[in-house]
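Lettering follows sequence order; numbering is per chain, from 1.
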2 protein chains.
Amino acid sequence: MNLEKSIAALNNPVRRRILEWLKDRTNFPPALPEHADLDGVCVAYIQEKAKLSQSTISNYMGLLKQAGFVVAERHGQWTFYRRDEENIRAFLAAVQNELLKP
Amino acid sequence: MNLEKSIAALNNPVRRRILEWLKDRTNFPPALPEHADLDGVCVAYIQEKAKLSQSTISNYMGLLKQAGFVVAERHGQWTFYRRDEENIRAFLAAVQNELLKP
DNA sequence: TTCATAAATCGAAATATCTCGATATTTAGT
DNA sequence: ACTAAATATCGAGATATTTCGATTTATGAA
């Protein structure tokens with residue numbers, strides 16, 4: 001957990017929105033049958049919803065991953081991203097700890 | 001409470017450190033006798049501790065104020081800044097609400 | 001092995017942030 | 001009114017972020 005990187009990753013409205021979208025898989029088109037068991041979302045679906053270029057979204061997902069907000073799982077040619085709930089909670093605890101008086 | 005501005009204000013290590021310093025008045029030199037009743041800290045004291053220029057710190061305190069993390073109180077030629085604990089808690093609640101799953 | 005598709009990386013232009021010194025503003029004291 | 005001190009604002013150069021299209025890499029299928 002790196003506060004610096006995490007706050008920087010959150011300092012962008014589209015990245016924050018992606019994190020919200022990822023709370024619920026039904027925010028995206030249904031997965032292909034062969035991916036039915038995964039609960040992540042591929043880059044193309046996120047790109048479509050965010051209406052930004054493929055390279056931008058790939059970059060964004062990399063930042064969110066480095067910040068610990070999402071984990072990536074490769075399956076064939078697809079990379080599936082999903083939230084890392086535990087790390088998200090750890091981040092919130094860290095910000096609280098930094099901001100709140102003892 | 002403006003999440004956008006608040007996160008942007010936090011996205012800087014010096015500004016975060018200032019917020020931490022302000023948790024405890026004794027992190028700064030003692031106040032002048034005529035300011036003994038105020039629990040804020042003047043810009044010059046913060047500048048001295050942060051080792052950045054006066055204009056930079058004035059700017060930073062403006063950002064922290066706009067973000068709602070501190071309040072400013074003018075007394076004569078001095079501006080005293082202190083944390084706005086209630087707003088800080090409101091910010092933390094808002095980030096939690098945005099980040100945490102329903 | 002060749003082709004097509006998904007994603008990652010690269011290079012660059014536009015914009016934003018950081019930080020400074022210089023200047024302006026506000027207020028207190030003479 | 002004049003001066004001095006504290007803070008705020010301005011203008012600018014350096015650096016970082018945003019976002020793109022083009023290219024590269026990885027994988028699966030013909």
Side-chain angles (χ1 to χ4, degrees), chain A residues 2-19 22 28-35 38 40-67 69-82, chain B residues 2-19 22 28-35 38 40-67 69-82:
Chain A
N2 180 337
L3 247 199
E4 188 69 29
K5 275 190 182 175
S6 298
I7 293 177
L10 280 190
N11 192 32
N12 176 293
V14 177
R15 289 195 293 265
R16 288 199 301 276
R17 210 151 341 120
I18 291 173
L19 279 182
L22 288 176
F28 299 94
L32 298 175
E34 62 266 40
H35 301 140
L38 305 169
V41 178
C42 68
V43 173
Y45 283 1
I46 300 171
Q47 187 208 334
E48 187 183 2
K49 210 166 157 67
K51 296 183 203 304
L52 287 174
S53 74
Q54 185 267 322
S55 64
T56 296
I57 298 302
S58 179
N59 174 28
Y60 280 11
M61 297 317 293
L63 293 174
L64 288 172
K65 183 178 144 191
Q66 280 197 295
F69 291 127
V70 300
V71 288
E73 200 172 328
R74 255 238 153 173
H75 276 252
Q77 41 195 159
W78 291 272
T79 304
F80 294 87
Y81 287 97
R82 61 186 153 77
Chain B
N2 180 338
L3 246 198
E4 188 70 29
K5 276 190 182 173
S6 298
I7 293 176
L10 279 191
N11 192 32
N12 176 293
V14 177
R15 288 194 293 265
R16 287 200 301 277
R17 211 152 339 119
I18 291 173
L19 280 182
L22 288 176
F28 300 93
L32 297 175
E34 62 266 40
H35 301 139
L38 305 168
V41 179
C42 68
V43 173
Y45 283 1
I46 301 170
Q47 188 208 334
E48 188 183 2
K49 210 166 156 67
K51 296 183 204 302
L52 287 175
S53 75
Q54 185 268 321
S55 64
T56 296
I57 298 302
S58 179
N59 175 28
Y60 279 11
M61 297 318 292
L63 293 173
L64 288 172
K65 182 178 144 191
Q66 280 198 296
F69 291 127
V70 300
V71 288
E73 200 173 327
R74 257 238 150 171
H75 277 253
Q77 40 196 158
W78 291 273
T79 305
F80 294 87
Y81 287 96
R82 60 185 155 76

Ring pair (Phe, Tyr, Trp, His ring centres under 6.0 Å) with Tyr81(A): which residues, sequence neighbours excluded?
none
Under the side-chain hydrogen bond (donor to acceptor under 3.5 Å, both in side chains) test, which residues partner Ser53(A), sequence neighbours left out?
Ser55(A), Thr56(A)
Of all residues at least two apart in sequence or in a different chain, which pass the side-chain hydrogen bond (donor to acceptor under 3.5 Å, both in side chains) check with Ser58(B)?
none
In whole angstroms, how far is the [atom2] atom of [N] from the [atom1] atom of [X]?
{"X": "Lys5(A)", "N": "dT17(D)", "atom1": "NZ", "atom2": "P", "value": "11 Å"}
{"X": "Phe80(A)", "N": "dA6(C)", "atom1": "CZ", "atom2": "P", "value": "11 Å"}
{"X": "Glu34(A)", "N": "dA6(C)", "atom1": "CD", "atom2": "C1'", "value": "13 Å"}
{"X": "Ile7(A)", "N": "dA16(D)", "atom1": "CD1", "atom2": "C1'", "value": "17 Å"}
{"X": "Asn59(A)", "N": "dA22(D)", "atom1": "CG", "atom2": "P", "value": "18 Å"}
{"X": "Phe28(A)", "N": "dA6(C)", "atom1": "CZ", "atom2": "P", "value": "16 Å"}
{"X": "Ile57(A)", "N": "dT17(D)", "atom1": "CD1", "atom2": "C1'", "value": "15 Å"}
{"X": "Arg16(B)", "N": "dT17(C)", "atom1": "CZ", "atom2": "C1'", "value": "15 Å"}

Do Ile18(B) and Lys49(B) come close enough that some side-chain heavy atom pair is under 4.5 Å?
no
Would you say Trp78(B) and Val43(B) make side-chain contact, with heavy atoms under 4.5 Å?
no
Cut-off 3.5 Å, no hydrogens considered: what does the side-chain donor-acceptor table look like for residues 70-77 of chain B, sequence neighbours left out?
{"residue": "Glu73(B)", "atom": "OE1", "partner": "Arg82(B)", "partner atom": "NH2", "Å": "3.2"}
{"residue": "Glu73(B)", "atom": "OE2", "partner": "His75(B)", "partner atom": "NE2", "Å": "3.0"}
{"residue": "Arg74(B)", "atom": "NE", "partner": "Thr79(B)", "partner atom": "OG1", "Å": "3.3"}

Checking [X] now: which residues fulfil side-chain contact (heavy atoms from CB on, under 4.5 Å) with it, not counting sequence neighbours?
{"X": "Leu63(A)", "value": "Arg15(A), Asn59(A), Gln66(A)"}
{"X": "Ala8(B)", "value": "Asn11(A)"}
{"X": "Ala44(B)", "value": "Cys42(B)"}

Has Asn12(B) got a side-chain N or O lying under 4.0 Å from the OP1 or OP2 atom of dC18(C)?
yes
OP1 or OP2 of dA6(C) less than 4.0 angstrom from a side-chain nitrogen or oxygen of Tyr81(A), does that happen here?
no
Could you write out each protein N or O paired with an N or O of nucleotides 26-29 of chain D at a distance under 3.5 Å?
{"residue": "dA26(D)", "atom": "O3'", "partner": "Arg74(A)", "partner atom": "NH1", "Å": "3.4"}

Taking dG21(C), dC20(D), dA7(C) as options, the one with an atom nearest any side-chain atom of Ser55(B) is dG21(C)
Quick one: closest heavy-atom pair of Ala67(B) and Ser6(B), and the distance?
O-OG, 3.1 Å
Give the minimum heavy-atom separation between Pro30(B) and Tyr45(B), together with the two atoms involved.
O-OH, 3.2 Å
What does nucleotides 11-16 of chain C look like as a protein-contact string, B for base, S for sugar-phosphate only, - for none, at under 4.0 angstrom between heavy atoms?
------
Expected list for residues 44-53 of chain A near DNA chain C, using heavy atoms below 4.0 Å, is Ala44(A)
Every protein N/O within reach of nucleotides 13-15 of chain D N/O, cut-off under 3.5 Å:
none

Pick the closest DNA chain C nucleotide for Ser58(A) and for Asn11(A) by heavy atoms, then say which residue is nearer the 5' end.
Ser58(A)
Is there a donor and acceptor pair closer than 3.5 Å between the side chain of Gln54(B) and the base of dA8(D)?
yes
Apply the test side chain to side chain contact (heavy atoms under 4.5 Å, CB included) to residues Arg16(A) and Glu4(B): give CA-CA distance (whole Å), side-chain angles for both, the deciding distance (0.1 Å), then the verdict.
CA-CA 10 Å; Arg16(A) 288 199 301 276; Glu4(B) 188 70 29; 2.5 Å; yes
Sorted by chain and number, sequence neighbours left out, salt bridge (Lys or Arg N to Asp or Glu O under 4.0 Å) with Glu48(A) holds for none
With side chain to side chain contact (heavy atoms under 4.5 Å, CB included) as the test, would you mind laying out the steps for Ile46(A) and Phe28(A) before giving the verdict?
CA-CA 8 Å; Ile46(A) 300 171; Phe28(A) 299 94; 4.0 Å; yes
